[in-house]
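These notes are about the structure you will find just below.
Quick caveat: nothing in here was measured; it's all calculated off a predicted structure. Atom set for the values below is all heavy atoms of this structure, side chains included, hydrogens, waters and symmetry mates excluded.
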Amino acid sequence: MNAPLPVLLMARTLDLGGTERQMTQIALTLDRSRFEPHVACFHADGLRGEELRAAGVPIVELPVRSFRGPSALHGAVLLGRYLRRHSIPLVHTFDVPMNVFGVPAARLWGTPYVLSSQRAHRHLTPGTMRHLLRLTDRMVDAIVVNSESVAREMTEEDRTPPSLLRLCYNGIDTSVFRRQDCEPPEPLREASLVIGTLCALRPEKNLPMLLAAFARVGGKGIKLAIVGSGPEQPKLIEEARRLGIAGDCWFEPSTAEVPRWLSAMDIFVLPSDSEALSNSLMEAMACGCCAAASRVGGNLELVRHLDTGLLFRAGDVDDLTACLARLIADEELRTSLAAAGTARMHREFSLEASASRMAEIYESVSK
């Protein structure tokens with residue numbers, strides 16, 4: 001029997017964040033009879049670091065504070081020594097900072113197989129960093145993308161050869177993300193129906209449109225829950241006041257109790273102007289929410305209109321309002337769409353499915 005293949009997975013931090021979680025879950029779920037996972041990062045503190053250590057996954061911290069200072073050279077030296085000490089032939093970087101640092105450093109040390117990742121649309125990484133990503137594209141054996149939408153953007157806008165791209169959808173822990181039979185969070189206990197979202201409160205999520213649509217369909221005990229933190233929060237709270245719906249809205253900061261909050265929502269809305277493959281949307285569907293999402297990016301790969309949810313035109317408050325009004329009025333439709341979405345998430349987007357696909361990619365590249 002062949003010895004497990006040592007692989008080094010790299011991300012900037014090991015704290016909260018979708019990419020950090022996906023990398024950690026891949027490291028924890030890979031078949032240990034076939035792979036020996038290691039992890040490298042710039043900052044090793046955080047929840048994901050604790051999970052990896054508890055599972056016995058080795059972590060190397062590369063104290064890089066700036067790509068232009070001496071810490072970058074020191075980090076590259078530490079990386080090379082670690083690769084040689086553990087005879088690691090395959091490196092996979094998971095985010096933009098590690099693509100820019102880890103790919104050239106791994107190549108400098110003669111690593112046989114180097115993979116990078118593109119987990120968000122590149123127009124969100126403008127300027128010098130995007131130029132550097134295009135340079136690293138030429139250094140790798142493969143680029144792992146998490147949606148067909150991202151793959152299309154790279155081939156059309158960055159002229160990335162399709163032969164370099166490997167699709168591996170995000171995976172979710174379906175033992176955690178499922179409908180919980182528990183009391184809703186206190187602010188939602190008296191609601192007749194809950195519309196909600198869970199995401200980073202950033203401009204591209206277009207949450208003002210959700211507030212505007214809710215102002216048209218709310219009332220009769222319906223509540224809106226916005227779960228997450230970010231720079232847009234003060235503006236959103238003020239907009240809710242301006243629309244006269246502050247009493248029916250609840251803003252909950254980022255929380256570790258994600259399944260509990262999702263389980264309290266009847267309708268989950270993702271009104272993003274741009275989206276690669278939303279972990280929050282996947283988790284909401286897995287938790288039994290009826291999904292309504294904008295027709296952008298990877299949303300169309302998760303939500304099949306009138307099958308596993310409803311889709312509306314991005315930026316079109318009238319279309320979103322119509323979707324919400326329909327789902328509020330038709331409980332049978334809402335229930336059937338939620339059930340179909342949950343079944344698909346548990347069947348096709350589990351951690352096991354994602355890790356299995358990543359294993360195929362690693363083996364195909366390293367043959």
Verify whether one side chain among [X] and [Y] offers a donor that lies under 3.5 Å from an acceptor in the other.
| X | Y | result |
| --- | --- | --- |
| Q22 | N279 | yes |
| S33 | D31 | yes |
| N99 | T136 | no |
| T13 | D15 | no |

Among R130, R152, H123, R122, whose side chain to side chain donor-acceptor pair (under 3.5 Å) with E157 holds?
->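 So the option named by the test is R130.
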Please report the closest heavy-atom contact between [X] and [Y], naming both atoms and the distance.
| X | Y | answer |
| --- | --- | --- |
| S71 | P63 | CB-O, 3.5 Å |
| C287 | R178 | SG-N, 3.6 Å |
| G228 | L201 | O-CD1, 3.4 Å |
| S149 | G297 | OG-CA, 3.1 Å |
| A151 | V145 | CB-CG2, 4.0 Å |
| C41 | M98 | CA-CE, 3.7 Å |

Closer than 4.0 angstrom, basic N to acidic O: yes or no for [X] and [Y]?
| X | Y | answer |
| --- | --- | --- |
| R34 | E363 | yes |
| R134 | D158 | yes |
| R107 | D141 | yes |
| R242 | E239 | yes |

Side-chain heavy atoms nearer than 4.5 Å, only ILVMFWY residues, links allowed to pass through others: does that put [X] and [Y] together?
| X | Y | value |
| --- | --- | --- |
| L133 | M129 | yes |
| L327 | V269 | yes |
| L224 | I267 | yes |
| L73 | F67 | no |
| M209 | M265 | no |

R53 and E50: CA distance, side-chain angles, deciding distance, salt bridge (charged side-chain N to carboxylate O under 4.0 Å, His left out) verdict:
CA-CA 5 Å; R53 292 185 188 94; E50 294 171 6; over 6 Å; no
Between R241 and E238, is the salt bridge (charged side-chain N to carboxylate O under 4.0 Å, His left out) condition met? List the steps. CA-CA 5 Å; R241 292 195 188 105; E238 179 57 34; 3.4 Å; yes
Check whether any side-chain heavy atom of [X] lies under 4.5 Å from a side-chain heavy atom of [Y], and answer yes or no.
| X | Y | answer |
| --- | --- | --- |
| E252 | P185 | no |
| E36 | L5 | no |
| S354 | Q25 | no |

Derivation and outcome, side chain to side chain contact (heavy atoms under 4.5 Å, CB included), residues N299 and L270 = CA-CA 9 Å; N299 291 353; L270 190 65; 3.7 Å; yes
Problem - Output field: ring centroids Y362/Y113 closer than 6.0 Å - result: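 No.
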Open item on the list: Students often mix this up, so state it plainly: with edges at 30° and 60°, are the rings of H86 and Y82 parallel, tilted or perpendicular?
Closed with: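 Correct class here is tilted.
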For [X], does the [atom1] atom sit with more than 12 other heavy atoms under 6.0 Å from it, leaving out its own atoms?
| X | atom1 | result |
| --- | --- | --- |
| R138 | CZ | no |
| R68 | CZ | no |
| E331 | CD | no |
| R326 | CZ | no |

### Query
By side chain to side chain donor-acceptor pair (under 3.5 Å), which residues pair with E204, not counting sequence neighbours?
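For E204 the side chain to side chain donor-acceptor pair (under 3.5 Å) partners, ignoring immediate neighbours, are R202.
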Among R260, R179, R21, salt bridge (Lys or Arg N to Asp or Glu O under 4.0 Å) partner for E283: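 Per the salt bridge (Lys or Arg N to Asp or Glu O under 4.0 Å) rule, the option paired with E283 is R21, out of R260, R179, R21.
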With a 3.5 Å distance limit and no angle check, can you tell me whether [X] reaches the backbone of [Y] through a side-chain donor-acceptor pair?
| X | Y | answer |
| --- | --- | --- |
| S294 | R313 | no |
| S192 | G221 | yes |
| T29 | I26 | no |
| H121 | E275 | yes |
| K223 | R189 | no |
| W250 | V227 | no |

Margin query: Could you go through E348 and Y169, starting from their C-alpha distance and side-chain angles, then the distance that decides it, and tell me whether this counts as side chain to side chain donor-acceptor pair (under 3.5 Å)?
Written below: CA-CA 9 Å; E348 300 178 31; Y169 283 123; over 6 Å; no
